[in-house]
Amino acid sequence: MHGSTDKTRVLIAACLTGGFMVAEAAGGIITGSLALLADAGHMLTDSISLLLAWYAFHLADRKATPRLTYGFHRVKTLVAYTNGIAVFAIGAWIVVEAFHRLNDPTPVLGGPMLVIAVLGLIVNIVAFLVLHGGDRESLNMRGAILHVLGDLLGSVAALVAAAVIITTGWVLIDPILSALVAVLLFRSAWSLVRESGNLLLEGVPDSLDRDGIAKDIAANVAGVREIHHMHVWSMDGARNMATLHACLTDGTDAYAAVTAIKSRLAKTHGIDHATVEPEFGACTDEPSGNQH
């Protein structure tokens with residue numbers, strides 16, 4: 001099962017990130033490098049975010065309760081949304097600080113900066129590889145990967161900046177590359193926030209087409225005349241659910257039709273939890289015939 005292995009992967013990444021963060025922050029202060037301080041800031045927030053992601057996986061293992069009838073799977077989506085917002089905040093801070101550094105350059109010790117950047121790059125590569133083997137359909141895992149990817153890009157930027165400073169003495173490369181990394185992360189952060197926000201609002205996952213699914217069932221399940229009042233959503237980007245009314249032709253075995261509908265939803269569309277209400281004649285709710 002992905003859940004238990006993903007939880008372990010995230011915890012390992014959190015330990016690696018948090019362990020090196022202290023050394024990198026100290027190195028950034030000593031060398032005067034914004035790139036190192038920015039990466040250390042990334043790693044501080046990412047350590048917290050990775051621990052939250054781990055705790056979300058931990059909660060998801062708990063059984064449903066009479067009040068939380070779906071269990072705690074939605075916590076993973078909430079943490080993914082929070083992680084995306086955190087990346088935006090970190091990126092904005094880096095851009096502002098880079099602007100100040102461009103207007104008021106500060107000395108940077110290229111040699112020590114290079115050593116720390118190389119060590120940070122190694123740590124982040126290991127953490128990224130650990131997470132990359134997990135379930136990338138899970139928004140929670142994608143949020144964790146996004147944070148570590150930000151750390152990885154930050155280490156690369158610090159490495160390049162250190163090399164340029166050592167060879168040319170041009171210290172402005174440090175804030176320029178730091179701001180560039182922040183801008184590159186904004187797109188991925190926006191994608192994560194948009195998708196997790198859509199799921200929190202019970203929106204249809206990007207990978208699914210509600211109207212197309214309804215037409216597919218009507219066309220391929222015997223005895224189904226129409227599908228309406230259909231809702232499709234997901235708990236965490238991986239576990240998809242649906243509710244729908246199935247209008248059946250007269251004489252159709254309702255049990256057989258419902259069984260066939262659920263089977264097609266699971267096998268063809270990846271919806272493994274569905275509630276199907278069979279109907280004959282007029283809809284038992286508002287008989288408008290419209291899907292909503």
Side-chain angles (χ1 to χ4, degrees), residues 8-54 83 86-98 101 105-134 141-186 188-189:
T8 302
R9 290 175 187 275
V10 169
L11 183 59
I12 292 173
C15 293
L16 288 171
T17 302
F20 190 76
M21 177 271 299
V22 177
E24 190 164 41
I29 294 172
I30 294 171
T31 63
S33 169
L34 175 61
L36 286 181
L37 285 174
D39 198 32
H42 266 294
M43 296 183 86
L44 172 61
T45 305
D46 293 353
S47 298
I48 298 173
S49 298
L50 288 169
L51 287 174
L52 284 174
W54 171 82
N83 280 343
V87 171
F88 271 117
I90 296 169
W93 175 80
I94 293 173
V95 171
V96 171
E97 185 63 23
R101 290 288 185 98
T106 58
V108 178
L109 301 177
M113 177 183 173
L114 181 65
V115 173
I116 296 171
V118 170
L119 294 175
L121 180 63
I122 294 172
V123 170
N124 287 321
I125 287 176
V126 173
F128 180 77
L129 291 176
V130 169
L131 292 178
H132 198 258
M141 178 58 75
R142 283 171 52 189
I145 292 175
L146 175 59
H147 275 286
V148 174
L149 180 61
D151 291 334
L152 182 58
L153 290 175
S155 294
V156 171
L159 183 61
V160 173
V164 171
I165 291 171
I166 290 173
T167 55
T168 68
W170 189 44
V171 296
L172 291 182
I173 188 64
D174 184 55
I176 289 174
L177 288 182
S178 299
L180 178 61
V181 169
V183 172
L184 290 175
L185 285 175
F186 284 154
S188 296

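By convention here, the first residue in the shown sequence is residue 1.
I176 approaches W170 most closely through the heavy-atom pair CD1-CH2, 3.8 Å. Contact between G110 and A162 at its shortest, heavy atoms only, is O-CB, 3.8 Å. Considering every non-hydrogen atom in both A179 and V95, the closest pair reads O-CG2, 4.4 Å.
In this structure, S155 OG and N124 CG are separated by 4.0 Å, a value rounded to the nearest 0.5 Å. Interatomic distance, I165 CD1 to I173 CD1, rounded to the nearest 0.5 Å: 8.0 Å. Considering CG of L153 and CG of L177, their distance stands at 11.5 Å, rounded to 0.5 Å.
Evaluation of the side-chain contact (heavy atoms from CB on, under 4.5 Å) rule for I125 yields L121, L129, L152 as partners, not counting sequence neighbours. Applying the side-chain contact (heavy atoms from CB on, under 4.5 Å) test to I29 and every residue at least two apart in sequence or in another chain returns L37. Applying the side-chain contact (heavy atoms from CB on, under 4.5 Å) test to I116 and every residue at least two apart in sequence or in another chain returns F20, E24, L36. With sequence neighbours left out, L51 forms a side-chain contact (heavy atoms from CB on, under 4.5 Å) with L11, A14.
Contacts classified as salt bridge (Lys or Arg N to Asp or Glu O under 4.0 Å) and involving residues 87-98 (residues at least two apart or in different chains) are given here: E97-R101. Among residue pairs with one or both ends in residues 105-129, those qualifying as ring pair (Phe, Tyr, Trp, His ring centres under 6.0 Å) are F128-H132; sequence neighbours excluded.
Two residues are said to be in side-chain contact when any heavy atoms from C-beta on lie closer than 4.5 Å; V126 and L16 meet this criterion. Side-chain contact between M113 and L159: absent, with no pair of heavy atoms (C-beta onward) separated by less than 4.5 Å.
Judged purely by atom type and a 3.5 angstrom limit, R9 uses its side chain to pair as donor or acceptor with the backbone of V130.
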